[in-house]
There are 2 protein chains.
Amino acid sequence: MEKKLPTIKEIARRLNISASTVSRALHDHPSIGLRTKMAVKKLAAELNYEPNQTAIFFKQRKTFTIGLVLPNLREEFFSAAINGIEDVAIDHNYIVLIGQSHDDLAREQKLVESMKNHRVDGIIASISSSTTHIEHFEQMKNYDIPVVFFDRVPDAKDIHSVSCNLYDSSVEAVEWLIKKGHKRIGYLQGPPTLNMKNERLDGYMEAHKKHKLPVDESLIVSTDLSVEGTQKAFDALMLLKKRPTAILSFNDYVTLDAIHYARQKKLAINKDICFVSYANVPVTQYVEYPPLASVEQFPYDQGVSATELLFRLIDKKTSRLEAPYENIVLKSELIIR
Amino acid sequence: MEKKLPTIKEIARRLNISASTVSRALHDHPSIGLRTKMAVKKLAAELNYEPNQTAIFFKQRKTFTIGLVLPNLREEFFSAAINGIEDVAIDHNYIVLIGQSHDDLAREQKLVESMKNHRVDGIIASISSSTTHIEHFEQMKNYDIPVVFFDRVPDAKDIHSVSCNLYDSSVEAVEWLIKKGHKRIGYLQGPPTLNMKNERLDGYMEAHKKHKLPVDESLIVSTDLSVEGTQKAFDALMLLKKRPTAILSFNDYVTLDAIHYARQKKLAINKDICFVSYANVPVTQYVEYPPLASVEQFPYDQGVSATELLFRLIDKKTSRLEAPYENIVLKSELIIR
DNA sequence: GCATTTTCCGCAAACGTTTGCCTGTCCTAT
DNA sequence: ATAGGACAGGCAAACGTTTGCGGAAAATGC
């Protein structure tokens, strides 16, 4: 052990040339003669030379690292998104620093801080459900670190984002239920912080309006995404004098919890109560009673798109260009089982 | 934008003192007077000074980053392990670089290479199912980068590892099936590369031996973990003249695929055929027919343990001590539903 | 009041690489 | 013959921080 790794200086010393020549030779700089270029490369190969990236990072003020902040990795939605992000990152010779906020604002802040200290070249984030402000992200502007939000996008201007158009598919989902004869459709929504830009609810409303169905406010309940929160919200719906016959629910995980609970309560799924949901995660294939339909949000594509946007911003940054704020909206798609 | 971030030099210039004094003042070095120390800190706070980590990384030859290489993030087993790893890392002010091999050796190699270039201080890895050799990990010794394997541990000496004792729980699992009256128990194992140290099979054998049950080799089949692979393996079992009445299966994901397939084949789960499995992932709670029992492998604890071991190795490294190879084995536990 | 210790701080090198600028040599065209 | 250009490569600074060493001033001991 304790091997001194070979450096450019070492190569220069052995060849009796200067370090700058070695550096240029290794980079195929035109002003280095073929003879020396060959000699340098040969020796470099023999010594197993590899550039010290930390020195380069330091010198170039770049780390070839992007930070990814998201609520958790448990949900297949996010792990699918990571696949997209990672694939694009690898293409650009970047590597991904991942941090989970576990839906905790303080932890999210700490992660962003830590990533800033590590001088990531850019950040991709999906905010936590307890994120009430995004100062910690806005701070990054002072460090020239671009931030791209995806999926869970804060309701703010002057940000870059990639998200799905959930409005259209929400209209479609609710219309689909209405056409199947449902007249009372509950909406089990997420926590308020994630509803700032509430496309799901807007779509829900719109579908009702289109079909001249009155909207009963008591049919709209919230969960904090925890199992208990979902159960409480579900109870609230079931205690209504006029129960809903179908429920539009925040995402598949919430739906699975709700269905699980409903079955404990001896409700007949798809008879007493139907579910339509968001995310269309693969795990629903294994369950006995999956939601009847789910809105596919193409997490992989969102990840790819967000990362490509981020790289555009990073490039703009290095070329000192002002980048306009981009808010990319991808299509979503109602998948009927 | 385009703000020049404040540096130590800048502070020194403004205060008409030397950079070294500023550096020491910020680190509460004893040989700096209280007066100047205060002045430095005050100005540093005003300027919002933050040390340039890349410079420090470079100088200290440390990056406060650990690399994590694993097959995928989709399986909850791994995302749970990450939670443990991340928690310990954060405590040590470290951050985690994640890469998925997607069970592809070439990609795994590329990831390790990339992490080496990023000069991670250590690597935690769970090998891909196509990893037939571990040269790329052994290379890391040349760079003084310690490697800790967890869960999917290669069968090699001179490595550090954290894993679960699956032998005892495998014996227990099969005995449990035997006691329930099963006489023909299939074993649906993983791909050969993951079976090098085959505790599951050894336990399976031992239980048969203990109960004087003959082992029928045709009851032992393999899947490459893909859905199709699992179906083929399952078919092989079902085409036997004397079918098994129970199956011990590589992990819960394989089991879910198998059960799904068995139901398509109109088999009555828990009547025609029972399943016992490994991992005990939470998602099995949502399915109609989960495995009857599953071996909990405590991924979070494995993650914590692996990371703690890694930090011990990193510390040893900085203090130039030889570290003996540690192979930590945690308990597993058969969970009966 | 002199010698000695303590207190406080600066100098400069170092980490490995990149890059603007300069110098020298040789070739070629006038 | 000389100017001009092309080619090859060296010098030195720079990135921001840390740290061993040394030294001046102040405090202490007698």
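Residue A:Ile32 contributes atom CD1, which lies 18 Å from atom P of D:dA6 at whole-angstrom precision. The CD-C1' distance, from A:Gln53 to C:dT18, rounds to 13 Å in whole Å. Distance, B:Arg61 CZ to D:dT17 P: 18 Å, rounded to whole Å. Note: CZ (B:Arg119) to C1' (C:dC15) measures 12 Å, nearest angstrom. Nucleotide D:dG16 holds its P atom 15 Å from the CZ atom of B:Phe57, rounded to whole Å. In this structure, B:Asp28 places its CG atom 15 Å from C1' of C:dC8, rounding to the nearest Å. Rounded to whole Å, atom C1' of D:dG20 lies 10 Å from atom NE2 of B:His29. Look at NE2 on A:His27: it is 17 Å from C1' on D:dG9, rounded to the nearest Å.
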### Query
Which letter, B, S or -, goes with each nucleotide of nucleotides 22-28 of chain C from 5' to 3', with contact meaning a protein heavy atom under 4.0 Å?
-------
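Taking only side-chain atoms of B:Thr21, from C-beta outward, the nucleotide of D:dT17, D:dG9, C:dG10 with the closest atom is C:dG10. Checked against D:dA8, C:dT18, D:dT18, the side chain of B:Gln60 finds its nearest nucleotide in D:dT18.
With its ring centre under 5.5 Å from that of the base six-membered ring and a plane angle below 30°, A:Phe58 counts as stacked on D:dC15.
At the heavy-atom level, A:Tyr49 lies under 4.0 Å from the strands shown only through sugar-phosphate atoms. Residue A:Thr7 is classed as a sugar-phosphate contact, given heavy-atom separations below 4.0 Å to backbone atoms only. Using a 4.0 Å heavy-atom criterion, one finds that A:Thr54 contacts no nucleic acid atom at all. B:Ser20 comes within contact range of at least one nucleobase, with a heavy-atom separation under 4.0 Å.
Taking 3.5 Å as the limit, the base of D:dG9 and the side chain of A:Arg35 contain no donor-acceptor pair of atoms between them. Residue A:Arg24 places a side-chain atom within donor-acceptor reach of the base of C:dG20, judged by atom type and a 3.5 Å distance cut-off alone.
Using cut-offs of 30° and 60° on the angle between ring planes, the pair A:Phe137 and A:Phe149 is perpendicular. In this structure, B:Phe150 and B:Phe78 have perpendicular ring planes: the angle between them is above 60°, well past the 30° mark.
The existence of a salt bridge linking B:Arg14 and B:Glu10 is confirmed by a sub-4.0 Å separation between a basic side-chain nitrogen and an acidic carboxylate oxygen. Of the charged side-chain nitrogens involved, none lies within less than 4.0 Å of a carboxylate oxygen, so that A:Asp121 and A:Arg61 do not count as a salt-bridged pair. A salt bridge links B:Lys42 to B:Glu46: one of the charged nitrogens lies within less than 4.0 Å of a carboxylate oxygen. No salt bridge links A:Lys110 with A:Glu113; every basic N to acidic carboxylate O contact stays at or beyond 4.0 Å. The pair B:Arg152-B:Asp103 counts as a salt bridge, with a side-chain nitrogen and a carboxylate oxygen less than 4.0 angstrom apart. Ion pairing between a basic and an acidic side chain is recognised when a charged N comes within 4.0 Å of a carboxylate O; A:Glu86 and B:Arg107 show such pairing.
Residue B:Lys9 places none of its side-chain N or O atoms closer than 4.0 Å to OP1 or OP2 of D:dA14. Within the structure, every side-chain polar atom (N or O) of A:Ser18 is placed at least 4.0 Å from both OP1 and OP2 of D:dG9.
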